[in-house]
Colleague: 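The structure follows.
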4 protein chains.
Amino acid sequence: MPATKAAAAASPKRRAAEIIDAAAAVFAEKSYHGTTTQDIAARLGIRQASLYYYVRSKEDALAQVCKLGVEGFLEFSEEIAGNGDSAAGRLAAIVRSHLAPIDVRPDYVKVFLTERQHLPKVRRKAISRTARAYEGVIEGVIRDGIRSGELAPATDPRLATLALLGMCNEATRWINTARGAGVEETARAFSRLLLDGLIRR
Amino acid sequence: MPATKAAAAASPKRRAAEIIDAAAAVFAEKSYHGTTTQDIAARLGIRQASLYYYVRSKEDALAQVCKLGVEGFLEFSEEIAGNGDSAAGRLAAIVRSHLAPIDVRPDYVKVFLTERQHLPKVRRKAISRTARAYEGVIEGVIRDGIRSGELAPATDPRLATLALLGMCNEATRWINTARGAGVEETARAFSRLLLDGLIRR
Amino acid sequence: MPATKAAAAASPKRRAAEIIDAAAAVFAEKSYHGTTTQDIAARLGIRQASLYYYVRSKEDALAQVCKLGVEGFLEFSEEIAGNGDSAAGRLAAIVRSHLAPIDVRPDYVKVFLTERQHLPKVRRKAISRTARAYEGVIEGVIRDGIRSGELAPATDPRLATLALLGMCNEATRWINTARGAGVEETARAFSRLLLDGLIRR
Amino acid sequence: MPATKAAAAASPKRRAAEIIDAAAAVFAEKSYHGTTTQDIAARLGIRQASLYYYVRSKEDALAQVCKLGVEGFLEFSEEIAGNGDSAAGRLAAIVRSHLAPIDVRPDYVKVFLTERQHLPKVRRKAISRTARAYEGVIEGVIRDGIRSGELAPATDPRLATLALLGMCNEATRWINTARGAGVEETARAFSRLLLDGLIRR
DNA sequence: GATGAATGAGCTTTCATTCAT
DNA sequence: GATGAATGAAAGCTCATTCAT
């Protein structure tokens, strides 16, 4: 029976994860520079100084959040890109898999997308490289589809990729809110839109 | 005979606009809370204290940037929505007109999109209402098109609107850069994508 | 008639020097790490934050104090070492010229002697090199005197140098206090001691 | 069979002495206020909190180090002063006995000399009294020598004492290092210097 | 118009210390 | 004996803002 209030329900590792969780939530809401370490501590019901038992610095917390926010994007996309499916099928799968982390850990993804710029150069560059690789994979699938005649030859693969990413990434702002919709629905609607367009046939 | 370097050729009003221009640029690059008034002053070649001759406060500068960043979106969209064109034509026009300010004043739009959350509640709510109205206009055009049989009946107008806005808004990150493309091209590619999709017919 | 309290008697450059003066005094009294920036501000009758208008950081203040604390040692010693005087005459002059800055700016010298270790490595090494050179000059004079037969052949020039420096440097602790004596007296007594010893002849 | 690495071979009392040893070493290197309890713990391979099993506080550690650092100075000096030897012989013995603790426990002596100022007033004053007494003993020997005609009548006993102490105390900075020399040598050189001076006879 | 000087408020971080285990 | 977890207090520093000039 734990006596202290704060140490209540927390395994050694779990507590550290909770700190990062809180950081992600507050960074997502107020932006990195708009967040004080006090904000994070308050959300956890601990004192500000106690954060530093688990986290080296505010910036380190951002780095951890961003790391978890980007994880999962690249790996699945490569897997999908390499399966033998049609280009359309693979693109639909990519949309679905891109929205998945946004569904599960929206704060982490949002922070990764909007706050990673505040990471120190070295880390930022490394992440940018990963992101660039991810875009490349999607672009490759589109090029494939054009070459094979499955996708419209007039398509600009680069801009199509940016469109796909743009609409999916902005979903961090509204997915699972009243203003928006759930992932399943969103994934279906976005795939259809991307592949078939709005025009009735 | 102007002695100071910076104060050289500047009408009273023009100078004030330059201050806001500089604020927009730095806010866009470093985020609102990541920007110091010193950053803005440095970009203008003046001293920190001199900013306050033109601007009431840092927050006031943000408000002005956001105001100019949102201007032009709503007016044109209503005009377009009300012209007698087909739904497809009107949507293409909306895409074009939405990208226009991004082309002309990317910093202002970017700041409006990402930093308006840091405005005090009253101002923020007012802007949100405008934004909501804007979304409503687009959604209306899509509903029109579905009703008239021009657009696919299975379309979710809300999600289609969010998709359109998402892909256009994210363009603030790359339009006119080497990584992206110019507006004309982008508008054409995005309209086609939205209306016809990627699949070859 | 100056209205503000603090800005009273202070030319632009003079004020900065006053800040460093205060820092030297407090560092000398409480040691570098034992001093808070608040201590320095209090001695000047200004607010802590105001220090940073003149000084980049506490460490920068230490660097400035040390720089002024070491200045004057080397230059004179080289001059003296090179004049055509006897070894005994030159050593007496070195003692006198070494005690001079201790008389004029005891705090600066004391801080240089005891706190320079807390400077960042680069600066510290540079200062150490200067100090080493200074010791070398004195040692050289002693070697000269031994070679010419003026000084006792059994003398260890290195240890004699360290003795000279030791007794002079410790004078920072008591010179011009009731516990000690004035410079003139001290210089005379130390020269005689060094050259003739305590034994009566 | 001891399980923990660090706690291996250590009697209860011996361990406490090791803690103070470590404190002395780190205080000597980084100064009292420049040392963190973590620094001391790290040098022992234990955790910060574990220090408090042996030491009441950081300040208490300083007090213990200073106590051991000053021990041995006074007792021997009184013994020497009281033996029937010549003034010169007694001064040489004092130099030797003053350098002895510097040789054996340089860190303790150095900390005593440079950090005792940070002890709370009561303790500091008590130590100062002891130090003053020590100086008095040396000064007495010199006065004796002058009175008896053994030492030069023009000698200022106070300044001669301060010279002796200055050169010996500064030896904490270099004794037994490559830059300096061993105790035996140093004691011999310093005695001769003090008594006979540098001039050849 | 512009700025040098100053500051209140607040920020991130450090640190000695405590205490239940 | 030793330590993981936590914290009160304070440190150095930044920053938006003011104001006399």
Side-chain angles (χ1 to χ4, degrees), chain A residues 1-7 10 12 15-16 33 35-41 44 46-61, chain B residues 2-4 6-7 10 12 15-16 33 35-41 44-61, chain C residues 2-7 10 12 15-16 33 35-41 44 46-61, chain D residues 2-4 6-7 10 12 15-16 33 35-41 44 46-61:
Chain A
M1 193 186 71
T4 34
K5 49 205 160 154
R15 191 89 182 122
H33 283 301
T35 295
T36 69
T37 52
Q38 170 56 34
D39 291 335
I40 302 173
L44 290 159
I46 63 174
R47 301 304 154 108
Q48 194 215 42
S50 308
L51 287 176
Y52 288 81
Y53 186 76
Y54 297 98
V55 165
R56 212 183 294 283
S57 68
K58 189 185 165 190
E59 194 181 280
D60 178 49
Chain B
T4 36
R15 191 90 182 116
H33 283 300
T35 294
T36 69
T37 53
Q38 169 57 32
D39 291 335
I40 303 173
L44 290 159
I46 64 175
R47 302 300 149 101
Q48 221 188 139
S50 310
L51 288 176
Y52 287 81
Y53 190 82
Y54 298 99
V55 165
R56 206 184 297 284
S57 69
K58 189 185 167 192
E59 193 181 282
D60 177 47
Chain C
T4 34
K5 48 202 162 158
R15 191 90 182 121
H33 283 301
T35 294
T36 71
T37 53
Q38 169 57 34
D39 291 335
I40 303 173
L44 290 159
I46 63 174
R47 301 304 154 108
Q48 192 216 49
S50 308
L51 287 177
Y52 287 82
Y53 186 76
Y54 297 98
V55 165
R56 213 183 292 285
S57 68
K58 189 186 165 189
E59 193 181 280
D60 177 49
Chain D
T4 35
R15 191 88 184 120
H33 283 300
T35 294
T36 70
T37 54
Q38 169 57 32
D39 291 335
I40 303 173
L44 290 159
I46 64 175
R47 301 300 148 104
Q48 221 188 138
S50 310
L51 288 176
Y52 287 82
Y53 189 83
Y54 298 99
V55 165
R56 207 186 296 285
S57 68
K58 188 185 166 192
E59 193 181 281
D60 178 48

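Order of the sequence lines sets the chain letters (A, B, ...), proteins ahead of strands, with each chain counted from 1. Every heavy atom of this structure was used, including side-chain atoms; hydrogens, water molecules and symmetry mates were not.
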Colleague: Would you indicate which nucleotide in dT7(E), dT3(E), dA2(E) comes nearest to any side-chain atom of Y54(B)?
Modeller: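 Of the options given, the side chain of Y54(B) lies nearest dA2(E).
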Colleague: Where the side chain of R15(B) is concerned, which of dC13(F), dG4(E), dA2(E) is the nearest nucleotide?
Modeller: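 Selected nucleotide: dA2(E).
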Colleague: Over how many whole Å does the gap from I40(A) atom CD1 to dT13(E) atom P extend?
Modeller: 10 Å
Colleague: Without decimals, in angstroms, what is the distance between Y52(A) OH and dG4(F) P?
Modeller: 22 Å
Colleague: What pair of heavy atoms forms the shortest contact from T37(B) to L51(B), and how long is it?
Modeller: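 Looking at all heavy atoms of both residues, the closest pair is O-CD1, 3.3 Å.
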Colleague: What nucleotide, of dA16(F), dA2(E), dG8(E), holds the atom closest to the side chain of T36(B)?
Modeller: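 Taking heavy atoms from C-beta onward, the closest nucleotide is dA16(F).
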Colleague: Rounded to the nearest 0.5 Å, how far does OH of Y52(C) lie from CG of D60(C)?
Modeller: 10.0 Å
Colleague: Applying a 3.5 Å limit to both distances, which nucleotide forms a Watson-Crick or G-U wobble pair with dC11(E)?
Modeller: dG12(F)
Colleague: Check this one for me: any side-chain N or O of S50(B) less than 4.0 Å away from OP1 or OP2 of dT3(E)?
Modeller: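 It does, given that an N or O in the side chain of S50(B) lies less than 4.0 Å from OP1 or OP2 of dT3(E).
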Colleague: For the side chain of Q48(A), starting at C-beta, report the closest nucleotide among dT13(E), dT17(E), dG4(E).
Modeller: dT13(E)
Colleague: Distance check needed: dC15(E) C1' versus L51(D) CG, whole Å only.
Modeller: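 Value for this atom pair: 13 Å.
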Colleague: Please report the distance, rounded to the nearest Å, between NZ in K58(D) and P in dT18(E).
Modeller: 15 Å
Colleague: Round to a whole Å and report the spacing from CZ of R47(D) to C1' of dA16(E).
Modeller: 18 Å
Colleague: Measure the distance from NE2 on H33(A) to C1' on dG10(E) and round it to the nearest whole Å.
Modeller: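 H33(A) atom NE2 is separated from dG10(E) atom C1' by 16 Å.
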Colleague: Tell me the closest heavy-atom pair linking H33(A) and H33(B), and the distance in Å.
Modeller: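 Answer, listing the atom of H33(A) first, then H33(B): CB-CB, 3.4 Å.
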Colleague: For Y53(A) and T37(C), take the nucleotide of DNA chain F holding the closest heavy atom to each; which residue's nucleotide lies nearer the 5' end?
Modeller: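 Its nucleotide being nearer the 5' end, the pick is Y53(A).
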Colleague: Just name whichever nucleotide pairs with dT21(E), Watson-Crick or G-U, keeping both distances under 3.5 Å, else none.
Modeller: dA2(F)
Colleague: Testing the basics here: between R15(A) and I46(A), what is the closest heavy-atom pair and its distance to 0.1 Å?
Modeller: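 Result for this residue pair: NH2-CG2, 3.2 Å.
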Colleague: Quick one: I46(D) CD1 to dG1(F) P, roughly how many Å, whole number?
Modeller: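 One finds 13 Å between P of dG1(F) and CD1 of I46(D), rounded.
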Colleague: Give the rounded distance in Å between these two atoms: CD of Q38(C) and P of dA10(F).
Modeller: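 Rounded to whole Å, this separation is 12 Å.
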